[in-house]
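Everything numeric here is computed off the predicted structure, so don't read it as measured data. One-based numbering, in listed order, for ligands and for the atoms of each. For the single chain, residues carry numbers from 1 onward in sequence order.
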Amino acid sequence: MKAYRLNGHAGAGRLVRADINKPEPASGEVRIRIEAASLNYRDLLILDRAGQGQLDGRVPLCDGAGVVDAVGSDVMPWLVGDRVASAPFCGWVSGPFRTSYIRSALGSDTMDGMLAEYVVLPATALVRVPEHLSSVEAATLPCAAVTAWHGLIARGGMGKGDTVLIQGTGGVALFGLQFAVALGARAIVISSSDEKLARARALGGSILINYRDTPDWDVALMKATDGAGASHILELGGPGTYDRSLRSVASGGKIVQIGVLTGFGPKPDLARLQWENADIIGVTVGSVEHFAAMNGFLTEHAIHPVVDRVFRFDEVPEAYDYLRSGSHFGKVVVTV
Ligand SMILES: NC(=O)c1ccc[n+]([C@@H]2O[C@H](COP(=O)([O-])OP(=O)(O)OC[C@H]3O[C@@H](n4cnc5c(N)ncnc54)[C@H](OP(=O)(O)O)[C@@H]3O)[C@@H](O)[C@H]2O)c1
């Protein structure tokens with residue numbers, strides 16, 4: 001079968017096409033014929049260290065959707081023909097996070113990912129794809145949507161009457177925006193681009209701030225909310241945004257700490273957190289249970305993911321370059 005592999009020795013060509021054996025499902029496993037896969041910012045970080053650790057030779061990407069093609073023994077409830085996707089950490093089925101689940105991250109150091117024609121996964125890792133979504137749409141869900149769901153809703157309790165700060169217009173951000181709008185929360189979106197802000201408004205964003213033109217966006221946010229701030233902050237930037245996020249949080253609010261878009265290891269001044277009685281919620285993707293609950297919500301609200309651009313399988317390097325350019329609005333997908 002066809003696949004891509006990370007190659008630590010290929011210089012600029014860190015992604016190589018490969019013909020590899022079609023995997024066979026063992027007991028408790030399911031084989032999926034992948035129809036589409038999607039890219040996340042983390043896949044750029046992984047590509048950049050393709051030669052390090054155990055990444056060399058790994059199949060990348062944690063996001064994909066497809067059709068059950070073969071089942072091993074003891075596989076309930078899956079049948080050949082079912083449309084499915086996997087949680088990004090295929091070992092995190094339910095309950096609270098455990099550090100050991102990191103080893104089950106698809107398309108990372110320890111597990112092959114979704115950029116292949118067929119993938120074998122534990123039956124317990126799978127969720128049914130919502131019927132109203134195409135495979136291209138469903139392939140966008142595992143990492144970005146489940147992370148936004150886990151942080152803002154499962155842990156953050158976001159609901160009607162809340163005010164949510166969304167940073168940027170990438171994958172996690174737009175799912176956060178769509179969830180907020182569906183729940184009746186007010187969404188504040190910051191972006192580098194007026195054109196993207198106009199599109200965010202069309203999706204239901206109500207306060208739009210260009211962070212290039214208005215670097216003090218926290219001041220603008222406070223003004224726009226009459227000094228109240230945001231009850232939920234989707235913190236995607238890291239060191240470059242964290243202090244402003246802290247200055248934007250409302251009394252009793254929640255900073256949902258997810259992203260590293262400007263780097264790792266923010267060293268924020270946490271004093272305001274205490275005075276505002278606010279919380280930080282640290283988030284690492286989400287479980288199969290989160291994914292299934294989110295799919296129910298997507299179905300109930302007829303939410304379609306925002307797919308920016310779809311690339312063919314032979315255009316995978318271009319898809320990575322496009323994501324790295326930051327010109328996307330929503331998700332970048334590859335058909336397999
Ligand atoms: N903790 C977890 O489990 C987890 C899970 C998923 C993602 N993440 C992290 O969350 C972040 C977003 O991931 P993604 O896949 O959604 O990324 P993405 O789709 O590549 O989004 C990138 C977008 O972020 C915006 N952005 C960049 N720098 C910004 C800044 N300084 N301030 C505000 N917005 C900025 C830009 O939007 P505009 O052009 O509109 O400005 C850019 O297009 C990444 O750091 C990723 O590693 C973490």
Does N21 CG have over 12 foreign heavy atoms under 6.0 Å away?
-> no
Protein heavy-atom partner closest to [atom] - residue, atom, separation in Å:
| atom | answer |
| --- | --- |
| atom 10 (O) of ligand 1 | G259 CA, 3.5 Å |
| atom 4 (C) of ligand 1 | I258 CG2, 3.6 Å |
| atom 3 (O) of ligand 1 | V285 N, 2.6 Å |
| atom 24 (O) of ligand 1 | L261 CD1, 3.3 Å |
| atom 39 (O) of ligand 1 | K196 NZ, 2.8 Å |
| atom 43 (O) of ligand 1 | G326 O, 3.4 Å |
| atom 44 (C) of ligand 1 | Y41 CD2, 3.5 Å |
| atom 31 (N) of ligand 1 | T262 CG2, 3.5 Å |

Here the pair of heavy atoms bringing D112 nearest to V59 is OD1-N, 2.9 Å
Just which atoms of ligand 1 are under 4.0 Å from any heavy atom in [X]?
| X | result |
| --- | --- |
| S191 | 38 (P), 40 (O), 41 (O) |
| C143 | 5 (C), 6 (C) |
| N40 | 15 (O) |

Out of T147, V283, D43, V146, the nearest non-hydrogen contact to atom 5 (C) of ligand 1 is supplied by T147
What part of [X], side chain from CB on, backbone N/CA/C/O, both or neither, has a heavy atom under 4.0 Å from ligand 1?
| X | answer |
| --- | --- |
| Y211 | side chain |
| T169 | both |
| S192 | both |

From the list R244, R272, K223, salt bridge (charged side-chain N to carboxylate O under 4.0 Å, His left out) with D218 holds only for R244
Give yes or no for whether the N/O distance cutoff of 3.5 Å, strictly under, is met between [X] and ligand 1.
| X | answer |
| --- | --- |
| G330 | no |
| V172 | yes |
| A144 | no |
| L323 | no |
| G171 | yes |

Problem - Ring centers of W149, F175 separated by less than 6.0 Å - result: no
Does either side chain, that of [X] or that of [Y], offer a donor lying less than 3.5 Å from an acceptor on the other one?
| X | Y | result |
| --- | --- | --- |
| T163 | R186 | yes |
| H290 | S287 | yes |
| Q257 | Y242 | yes |

Quick one, [X] and [Y] - any side-chain contact, counting heavy atoms below 4.5 Å?
| X | Y | value |
| --- | --- | --- |
| V332 | V310 | no |
| Y320 | P60 | yes |
| V67 | D82 | no |

Next on the checklist: Does the residue H328 have a heavy-atom contact with ligand 1, meaning some pair of atoms that are separated by less than 4.0 Å?
Outcome noted: yes
- Report yes or no: does S193 have a heavy atom closer than 4.0 Å to ligand 1? no
To the nearest 0.5 Å, atom CG of L236 lies from atom CD1 of I166 at 8.0 Å
Check: Is it true that R49 and D109 make a salt bridge, defined as a side-chain N closer than 4.0 Å to a carboxylate O?
Finding: yes
So does K22 pair up with E24, basic N to acidic O under 4.0 Å? no
